[in-house]
2 protein chains.
Amino acid sequence: MKDSPENQIVNAILDAISEQRLPAGTKLGEQALSDLFACNRANVRRALASLAAQQVVELRPNRGAFVMTPSPKEARDIFQARRAIERTIARHASGQASAEDIAFLRGNIQEEAKARKAGDKPAELRASRQFHMRIAYIAGNLVLERFLSELTMRSTLILGLYSPTGSSSCAEDEHDRIVDALEAGKTDELVRLADEHLRHLEEGLNFDEPPAAPMSLREQLAAPRKPPAAE
Amino acid sequence: MKDSPENQIVNAILDAISEQRLPAGTKLGEQALSDLFACNRANVRRALASLAAQQVVELRPNRGAFVMTPSPKEARDIFQARRAIERTIARHASGQASAEDIAFLRGNIQEEAKARKAGDKPAELRASRQFHMRIAYIAGNLVLERFLSELTMRSTLILGLYSPTGSSSCAEDEHDRIVDALEAGKTDELVRLADEHLRHLEEGLNFDEPPAAPMSLREQLAAPRKPPAAE
DNA sequence: TTATCATTTATTGTTAACAATTAATGATAA
DNA sequence: TTATCATTAATTGTTAACAATAAATGATAA
C-alpha cells in the first residue's frame, strides 16, 4: 500500500508548504531530494514537474526548482478565485453535512484554538486548512476540491510573505458560525459568511513592506549577527 | 525564442485535444512522442507528468500515458465548476472589454459559424474555445484563466465522448448575446447568459450510451469490416 | 475450433555516466 | 580596499544502456 516515490515527494513538499515549514523561495535541489527520499533523480524531476504544473513550484531553467513566491497581483487573483470557488462549495455543501462531518469540523475548531494558544503555528495552519478542505469534501465536487487544495496551498505561501506576523490565520469565531449555518442548511447565510471570512483574511495582508526574505541557507545564518561598530 | 521541448510537447498535445484530434483513451507512447519531437524520453516523461497534474492525461504504472477519459460524474463536476468560474469571470469582465476585445469576439463568432458550415469540426472547436478564453483574459485573473483552460480542455473530451454528434458545440446566437451584454456592461444579464449557455451545453450530453470506443490503432482498423458470414 | 500456456516482442522504469550551465572562490590590478 | 576577471566547484540537463513489466504471438492440448 505504498506510494510511488514521485507521489511521496509531491505530498511531502505539499505538506511542508501547507504548514509553512517550507517558505517561499526555498530552493529544492534535486540531489538533496533524491538523497532524502532514497530514489533517483528521475523521480525527483517528475515530482517537481508535477508541482510546477500546480503553480506551487517555480522551475527556472538551468537554475533548479524553487518554492513559488506569489506576487501581490497573484495574491489578489488567488483570493478572488478562492472566494468564487468557496462560495460555490458552500452553496453545494449547505445541508449536506453528515453528523460525522459536523463533529469533525467542531473538533477541528478546538484543535486550531489549542494550537494557537500553544503557539504551534504549523498545527494551527494544518487545522485551518483541513477545515476548509472538509467543507469542499462535503460539497462533493472533486474538481472544485482539487482547485481549492491548490489555492489554499498558495494562500499559505502568501500569508507567510505578506502577513504582519500574527493575523496570519482565520478568526475562529467565524469558523464557528460557518459550521452553524452549514448544519442548519442556511445556504445564503453560509455563502455570505464564507465570502466575508475570506475577505477578512485578505484584508489582513500587507503588500507595502518588501516580501520578506528570498533567503538561502547562508543568508539565514549570516543575518542574525549585527555589525559590531558603525551605527 | 523557441520553447523547451517539454513545453512544445505539452502545447502540441493540448492543442490536439482541444480540437478533438486526440480522442479520449488514446495512448501516448514515450517512444512515439520522442521520435515526433526529436528529443529524448526524459523530456517526454516530464511533459506527461505535467499533463497528468492537469488531469488531462492518465498515467497508468507500467502501462503508459493515455488521454483522460472523463466519467459521467467527472463530467458533471467539470461543468459545475465551469459555471462557477465562468460566472465569476463574466462578472469581472463586464464593461472591461476594449474595442479590440469586442472586435476579436465578433470576428470569432463569424469564424466559428463559417467552420460549422464548412463541416470543419476542429476549427469550430478551436474558435469556440478561444471565445471563452478571451473573456477570461478580459477578466484579468490569471488563476481563473488557467482553471478555465483546463476545464475547457476536459470539456472537449467530454463532448467527444457523450455528445450525440452534432449538438457538440455552442449555439452561436448565445455567443452573440454574450458579447452584446459584455460590451454594454450589463453585468447581471451577462452572468445569467453565461450560466445558461453552459447549462445548454451540458443538457446536450447523453450518458446513457456507452462511452463510445476505448480504441487502439488495431481496433480502429479492424472495426469497419463486418463479419462475412454468421448473423 | 477453443482455451491455455510458454515464448517473444515491445514498452515502461531505473540507473549511471557525461556534457553544459551557473554559482562560488580566489587572484590580480586599480 | 574595491572591482574585475579567471578558475574551480556544484548543480542541472542530456544521453544511452540495462532491467522489469506487460502485451502480443504462436504452439500445444482438449
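Everything quoted here is computed from the prediction, not taken from an experiment. Just so you know, these numbers use all the heavy atoms, side chains as well, and skip hydrogens, waters and symmetry mates. Proteins get letters first, then strands, A, B, ... in listed order; numbering begins at 1 in each.
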Original post:
Does C:dT12 have OP1 or OP2 sitting under 4.0 Å from an N or O in the side chain of B:Arg63?
Top reply: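 Looking at the OP1 and OP2 atoms of C:dT12, neither is under 4.0 Å from any side-chain N or O of B:Arg63.
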Original post:
Does the A:Ser163 side chain pair with the main chain of A:Gly160, one donor and one acceptor, at a distance under 3.5 Å?
Top reply: no
Original post:
Got a donor-acceptor contact below 3.5 angstrom from the B:Ser149 side chain to the B:Glu145 backbone?
Top reply: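 No, because the side chain of B:Ser149 does not come within donor-acceptor range (under 3.5 Å) of the backbone of B:Glu145.
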Rounded distance in Å - [atom1] ([X]) to [atom2] ([N]):
X	N	atom1	atom2	answer
B:Glu6	D:dT12	CD	P	15 Å
A:Arg46	D:dG13	CZ	C1'	17 Å
A:Leu48	D:dT12	CG	P	9 Å
B:Asp35	C:dT12	CG	C1'	15 Å
A:Glu30	C:dT22	CD	P	15 Å
A:Leu33	D:dA10	CG	P	19 Å

**OP:** Output the residues of residues 49-60 of chain B in contact with DNA chain C, where contact means a heavy atom of the residue under 4.0 Å from an atom of the strand; sort by number or write none.
**Re:** none
**OP:** Enumerate the residues from residues 36-45 of chain A whose closest heavy atom to DNA chain C is under 4.0 Å, giving them by residue number; use none for an empty result.
**Re:** A:Asn40, A:Ala42, A:Asn43
**OP:** Please tell me which of B:Gly29 and A:Asn62 maps to the more 5' nucleotide of DNA chain C, matching each residue to the nucleotide holding its nearest heavy atom.
**Re:**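 On the 5' side of the pair lies B:Gly29.
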Subject >> Residue whose nearest DNA chain C nucleotide is more 5′ - B:Pro61 or A:Pro61 >> reply: B:Pro61
Original post:
Between the side chains of A:Arg129 and A:Thr152, does any donor sit under 3.5 Å from an acceptor?
Top reply: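 Per modelled atom types, A:Arg129 and A:Thr152 side chains form a pair under 3.5 Å.
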Kindly give the heavy-atom pair with the smallest separation between [X] and [Y], and that separation in Å.
X	Y	answer
A:Asn141	B:Gln80	ND2-OE1, 2.8 Å
A:Thr88	B:Ala84	OG1-CB, 3.2 Å
A:Leu161	A:Pro70	CD1-CD, 3.5 Å

Subject >> Test: A:Arg154 and A:Glu150 ion pair at under 4.0 Å >> reply: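 Looking at A:Glu150 together with A:Arg154, the answer is yes, because their closest N to O distance falls below 4.0 Å.
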Subject >> A:Leu33 vs A:Asn43, side-chain contact (heavy atoms from CB on, under 4.5 Å): CA-CA, chis, key distance, verdict >> reply: CA-CA 10 Å; A:Leu33 289 172; A:Asn43 285 317; over 6 Å; no
Original post:
How many angstroms lie between CD in B:Glu86 and CZ in B:Phe79, if you round to the nearest 0.5 Å?
Top reply: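 Nearest 0.5 Å value for the CD-CZ distance: 9.5 Å.
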Subject >> Worked check of side-chain contact (heavy atoms from CB on, under 4.5 Å) between A:Val56 and A:Met68 >> reply: CA-CA 5 Å; A:Val56 168; A:Met68 179 75 83; 5.7 Å; no
Subject >> Pairing stems for DNA chain C [at least three consecutive pairs; Watson-Crick or G-U; under 3.5 angstrom] >> reply: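 When the pairs of DNA chain C are grouped into runs of at least three, the stems are C:1-30 with D:1-30.
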Original post:
Of the nucleotides D:dG13, D:dA23, C:dT12, which one has an atom closest to the side chain of B:Lys27?
Top reply: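 Shortest atom-to-atom distance from the side chain points to C:dT12.
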**OP:** For the pair B:His197 and B:His175, name the ring-plane relationship: parallel under 30°, tilted 30 to 60°, perpendicular over 60°.
**Re:**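 Perpendicular: the ring planes of B:His197 and B:His175 meet at over 60°.
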